[in-house]
Amino acid sequence: MKHALVTGGSGAIGAAICRRLAADGCHVHIHAHRGLEAARTLADAICAGGGSAEALAFDVTDGAAVTAVLTPLLERQTIQILVNNAGIHDDAVFPGMSALQWHRVMDVTVNGFFNVTQPLMMPMMRSRWGRIVNISSIAALTGNRGQVNYAAAKGALNSATKALAQEVASRGITVNAVAPGIIATAMSESAFDAEAIARLVPMKRAGSPEEVADLVGFLASAQASYITGQILSINGGII
Ligand code: NDP
């Protein structure tokens with residue numbers, strides 16, 4: 001049974017990804033930060049349904065805290081599937097953006113990617129099979145007013161995806177990013193009302209977390225073995 005780690009599994013999209021990977025037969029390590037109870041509840045639900053999962057928590061920006069949790073975990077088993085999904089946004093038009101808003105968003109997305117991914121690499125490379133999926137955003141591809149920090153952070157994640165993909169391609173490890181558009185979660189509901197969604201999205205609806213999870217599940221599967229270094233958009237037709 002392959003072990004998968006999903007950061008931000010306590011959130012809306014992360015939870016859907018955890019359910020999908022568990023349904024595909026993985027043992028899922030459901031990560032949370034402040035929402036450990038939500039991650040535990042999800043793990044219990046997955047186990048009650050015949051799947052295999054457990055919850056764990058750390059702040060992805062705190063390298064020492066990440067190491068304290070991942071080191072004993074990696075001594076027990078190799079994580080062969082990693083979904084870097086934890087993310088925040090903290091929007092403001094750029095002239096009014098504080099240094100704290102800039103640094104917090106960069107810290108979670110960019111430094112969080114490093115803190116979680118780097119320790120997993122050597123064991124994953126030794127196993128000669130791996131899947132890394134980074135959850136990016138359409139904001140990195142098109143830009144978005146009020147999201148200079150978020151777009152920059154997700155853009156850095158896209159570039160890291162491409163560079164790491166080249167480093168590990170010969171080891172049977174793929175590294176891809178998924179760039180969702182508007183997905184029906186609390187994160188997007190505060191930013192887009194129904195009128196805005198109808199105007200912006202050719203399909204005239206938000207996507208669901210499950211639709212994102214299905215794409216991530218495919219990228220994490222054996223069938224996606226020749227897809228790497230890609231940024232895959234999932235956005236209802238926004239070109
Ligand atoms: P949620 O706010 O529901 O979930 C965010 C997750 O990130 C939570 O599990 C949260 O943990 C975790 N997290 C936040 N900060 C930290 C931190 N410092 N350390 C560890 N974990 C942290 O968001 P969504 O499910 O909507 O989004 C998931 C991903 O999808 C994000 O990367 C987001 O940028 C991206 N995305 C979302 C879109 C949307 O429309 N919703 C569109 C495009 C991209 P906890 O709650 O336990 O504290």
Side-chain angles (χ1 to χ4, degrees), residues 5-20 28-43 55-70 82-91 100-101 103-117 133-144 146-147 149-158 160-161 177-193 196-197 200-201 205-213 215-216 231-236 238:
L5 169 61
V6 179
T7 69
S10 51
I13 294 174
I17 294 169
C18 290
R19 284 191 295 267
R20 167 70 202 238
V28 185
H29 298 266
I30 306 172
H31 161 268
H33 178 214
R34 296 200 175 91
L36 182 57
E37 263 322 299
R40 284 194 176 128
T41 302
L42 177 59
L56 73 177
F58 49 77
D59 180 346
V60 297
T61 69
D62 182 343
V66 178
T67 304
V69 175
L70 289 188
L82 168 63
V83 183
N84 284 302
N85 163 77
I88 59 167
H89 68 105
D90 192 351
D91 301 352
L100 185 63
Q101 286 176 300
H103 288 295
R104 276 188 62 229
V105 172
M106 295 298 282
D107 210 10
V108 173
T109 298
V110 185
N111 297 332
F113 164 81
F114 176 81
N115 290 336
V116 176
T117 309
V133 183
N134 299 319
I135 307 300
S136 180
S137 169
I138 189 174
L141 303 174
T142 63
N144 195 20
Q147 293 196 318
N149 52 355
Y150 185 74
K154 295 297 194 182
L157 193 59
N158 290 351
T161 298
V178 166
I182 302 171
I183 307 302
T185 65
M187 188 182 266
S188 65
E189 271 157 22
S190 57
F192 303 99
D193 59 19
I197 291 171
L200 293 168
V201 184
R205 66 171 179 89
S208 70
E210 288 71 26
E211 286 172 314
V212 177
L215 175 55
V216 174
I231 317 298
L232 291 113
S233 291
I234 175 163
N235 61 32
I238 304 171

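Counting starts at 1 for both ligands and their atoms, in listed order. Please read these numbers as outputs of a predicted model, since none were measured by experiment.
Within the set N85, V83, V212, the minimum heavy-atom distance to atom 28 (C) of ligand 1 is found for N85. Comparing G9, A153, S10 by heavy-atom distance to atom 45 (P) of ligand 1, the nearest is S10. The option with the heavy atom closest to atom 37 (C) of ligand 1, from among I183, N111, I13, is I13.
Ring-plane geometry between H89 and Y150 is classed as perpendicular, the angle between the planes exceeding 60 degrees on a 0 to 90 degree scale with a lower cut at 30.
Looking at P180 next to ligand 1, no N or O pair under 3.5 Å apart turns up. For ligand 1, the polar-atom distance check finds no N/O of L36 at less than 3.5 Å from any of the ligand's N/O atoms. Considering backbone and side-chain atoms alike, I182 places every N or O at 3.5 Å or more from each N or O of ligand 1. When only interatomic distances are considered, the shortest N/O to N/O separation between G14 and ligand 1 does not fall below 3.5 Å.
Distance CZ/R34 to OG/S10: 10.5 Å, rounded to 0.5 Å.
When atom types are taken as modelled, the side chain of S188 and the backbone of I183 share a donor-acceptor pair closer than 3.5 angstrom. Looking only at distances, a side-chain donor or acceptor of N85 sits under 3.5 Å from a matching main-chain atom of T7. Judged purely by atom type and a 3.5 angstrom limit, N235 uses its side chain to pair as donor or acceptor with the backbone of I238. In this structure a side-chain-to-backbone donor-acceptor pair under 3.5 Å is present from H31 to G8.
Looking at heavy atoms from C-beta onward, R104 lies in side-chain contact with I88 at the 4.5 angstrom threshold. Between V60 and N115, the closest side-chain pair of non-hydrogen atoms is not below 4.5 Å. Counting only heavy atoms from C-beta outward, the side chains of V133 and I17 never approach each other to under 4.5 Å. Using a 4.5 Å heavy-atom cutoff, the side chains of I30 and V6 are not in contact. Side-chain contact between N144 and I138 is absent, with no heavy atoms from C-beta onward closer than 4.5 Å.
Contact atoms of ligand 1 toward S137: 43 (C), 44 (C) (distance under 4.0 Å to a heavy atom of the residue). Counting the atoms of ligand 1 from 1 in the order shown, those under 4.0 Å from a heavy atom of V108 are 18 (N). Heavy-atom contacts of Y150 reach the following atoms of ligand 1: 33 (C), 34 (O), 35 (C), 36 (N), 43 (C), 44 (C) (cutoff under 4.0 Å). Remark: ligand 1 atoms within the under-4.0 Å shell around heavy atoms of D59 are 17 (C), 18 (N), 19 (N). Counting atoms of ligand 1 from 1 in the listed order, those under 4.0 Å from a heavy atom of F58 are 19 (N), 20 (C). Using a 4.0 Å cut-off to heavy atoms of A32, the atoms of ligand 1 that qualify are 47 (O). For ligand 1, the atoms closer than 4.0 angstrom to any heavy atom of H31 are 20 (C), 21 (N). Of all the atoms in ligand 1, the ones that sit under 4.0 Å from a non-hydrogen atom of S188 are 40 (O).
Shown are L157, V178, T109, N84; of these, the side-chain contact (heavy atoms from CB on, under 4.5 Å) with I135 is made only by V178. When each of L232, I234, L215 is paired with P180, the side-chain contact (heavy atoms from CB on, under 4.5 Å) condition holds for I234 and for no other.
With hydrogens left out, the protein atom closest to atom 30 (O) of ligand 1 is I135 CG2, 3.4 Å, a heavy atom. Distance from atom 42 (C) of ligand 1 to its nearest protein heavy atom, with residue and atom name: G181 O, 3.0 Å. Looking only at protein heavy atoms, the nearest one to atom 14 (C) of ligand 1 is I88 CG2, 3.6 Å. Distance from atom 5 (C) of ligand 1 to its nearest protein heavy atom, with residue and atom name: G87 O, 3.6 Å. Closest to atom 2 (O) of ligand 1, if we only count protein heavy atoms, is M187 CE, 4.1 Å. The shortest contact between atom 13 (N) of ligand 1 and any protein heavy atom is with A86 CB, 4.0 Å. For atom 6 (C) of ligand 1, the closest heavy atom belonging to the protein is G8 CA, 3.8 Å. What sits closest to atom 4 (O) of ligand 1 on the protein, heavy atoms only, is G11 CA, 3.5 Å.
Contact annotation: for S136 versus ligand 1, heavy atoms closer than 4.0 Å belong to the backbone alone. Here T185 has side-chain heavy atoms under 4.0 Å from ligand 1, and that is the only part of it that gets that close.
For A191, the closest heavy-atom approach to ligand 1 does not fall below 4.0 Å.
Side chains of D59 and T61: a donor on one and an acceptor on the other come within 3.5 Å.
When all heavy atoms of N158 and A177 are compared, the closest pair comes out as OD1-CB, 3.8 Å.
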